[in-house]
Colleague: 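Take this structure first; my questions come after.
Quick note: numbers below take in every heavy atom, side chains included, and nothing from hydrogens, waters or symmetry partners. By convention in this document, chain letters (A, B, ...) are assigned in the order of the sequence lines, proteins followed by strands, and residues within each chain are numbered from 1. These numbers were taken from a predicted model, which means no experiment stands behind them.
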Protein chains: 2
Amino acid sequence: MVDPRPFDVFATDCPSRSVLDHVTSRWGALTLAALRPGPRRFNDVARAIGGISDRMLSQTLKTLEGDGLVVRDEQPGGQRVEYALTPEGERIADATRHLIDALYEVMPTLLAPRSAGA
Amino acid sequence: MVDPRPFDVFATDCPSRSVLDHVTSRWGALTLAALRPGPRRFNDVARAIGGISDRMLSQTLKTLEGDGLVVRDEQPGGQRVEYALTPEGERIADATRHLIDALYEVMPTLLAPRSAGA
DNA sequence: CAGGATCCAAGATGATACTG
DNA sequence: CAGTATCATCTTGGATCCTG
């Protein structure tokens, strides 16, 4: 039986490293987080994420789709396309959501003028 | 009483957004993960993270230090400097660790040749 | 609506050399 | 050891225009 965990994000050549890079890319985490509530259309995602351009969203979605974290559902007719998380995408999106929540929790402290002791 | 959670990473101008950007920067997550086991010296961190250059590590550490997630401890004498996580940094590092673990869990599926149904 | 193609500026990153 | 300074480069990201 092989090692069930041969992955190592610290290694440049590990496949998990590239997926991590995509997930932690500038728009990756936010895109996954935006899709977590459920399938969404392109422009809805674009509007949900402040500052993202069509180009970057398109590119990010493609990368995540290539990784198997997102699926593109094109309704017949063409005028309507929805993006959704795959089961694996959901696991990752949940984790990024936790990260964001942790961030919210520590933000007040980070913003505090450094030390209450001084 | 003010809203205890006025933060929104989806908003371009929210402070939490920039911290998220730093944490999910190319080397941010890996750097935090590398420091999670405990304080480490510069070159040890550098060696732990495959592919990072001195320059990038230095820059990443400074950014995270500026956010209040990392502290720099310089031992008198100068030849020895250690980097450690602040309590807030630990919370974030834990979250990124969970993200990495989630990644490890789904990797086998992501690598599988697409579908067992075809 | 849902993007693709192009052009271009800005920032990220790396290699190397140098310092205290 | 623990970085910093410089330079060249490669990628990222945005704005704009175009198509089905």
Colleague: Starting from P on D:dT12, measure out to CG on A:Asp21 and report it in whole angstrom.
Modeller: 10 Å

Colleague: Quick one: side chains of residues 22-30 of chain A, donor-acceptor pairs under 3.5 Å with protein atoms, not counting sequence neighbours, listed by atom name and distance.
Modeller:
from	atom 1	to	atom 2	distance (Å)
A:His22	ND1	A:Ser18	O	3.4
A:His22	ND1	A:Asp67	OD1	3.3
A:His22	ND1	A:Asp67	OD2	2.5
A:Thr24	OG1	A:Leu20	O	2.8
A:Ser25	OG	A:His22	O	2.8
A:Ser25	OG	A:Gly28	N	3.1

Colleague: Check whether any side-chain N or O of A:Arg26 sits under 4.0 Å from OP1 or OP2 of C:dA12, and answer yes or no.
Modeller: no

Colleague: May I have the distance from A:Arg72 (atom CZ) to C:dC1 (atom P), rounded to whole angstrom?
Modeller: 16 Å

Colleague: OP1 or OP2 of C:dG3 less than 4.0 angstrom from a side-chain nitrogen or oxygen of A:Tyr83, does that happen here?
Modeller: yes

Colleague: What is the distance, rounded to the nearest whole Å, between atom CD of A:Glu82 and atom P of C:dC1?
Modeller: 14 Å

Colleague: Restricting to salt bridge (charged side-chain N to carboxylate O under 4.0 Å, His left out), what partner residues turn up for B:Arg41, sequence neighbours left out?
Modeller: none

Colleague: When the distance from CD of B:Gln79 to P of D:dG3 is rounded to whole Å, what number comes out?
Modeller: 11 Å

Colleague: Ignoring hydrogens and angles, write down the donor-acceptor pairs under 3.5 Å from the side chains of residues 43-52 of chain B, residues two or more places apart or on other chains.
Modeller:
from	atom 1	to	atom 2	distance (Å)
B:Asp44	OD1	B:Arg47	NH2	3.0

Colleague: Sequence neighbours excluded, which residues qualify as salt bridge (charged side-chain N to carboxylate O under 4.0 Å, His left out) partners of B:Arg91?
Modeller: A:Glu105

Colleague: Looking at DNA chain D, which of residues 30-62 of chain A put a heavy atom within less than 4.0 Å of it?
Modeller: A:Gly51, A:Ser53, A:Arg55, A:Met56

Colleague: Output, in order, the C-alpha distance, side-chain angles, deciding distance and verdict of side-chain contact (heavy atoms from CB on, under 4.5 Å) for A:Glu65 and A:Val71.
Modeller: CA-CA 6 Å; A:Glu65 192 190 352; A:Val71 279; 5.8 Å; no

Colleague: If I take atom CH2 in residue B:Trp27 and atom C1' in nucleotide C:dA12, what distance separates them, rounded to the nearest angstrom?
Modeller: 11 Å

Colleague: Using whole Å, report how far NE2 of A:His22 lies from C1' of D:dT12.
Modeller: 13 Å

Colleague: Using salt bridge (charged side-chain N to carboxylate O under 4.0 Å, His left out) as the criterion, list what pairs up with B:Arg55, not counting sequence neighbours.
Modeller: none

Colleague: Expressed in angstrom and rounded to an integer, what is the separation of B:Arg80 atom CZ from D:dA2 atom C1'?
Modeller: 12 Å

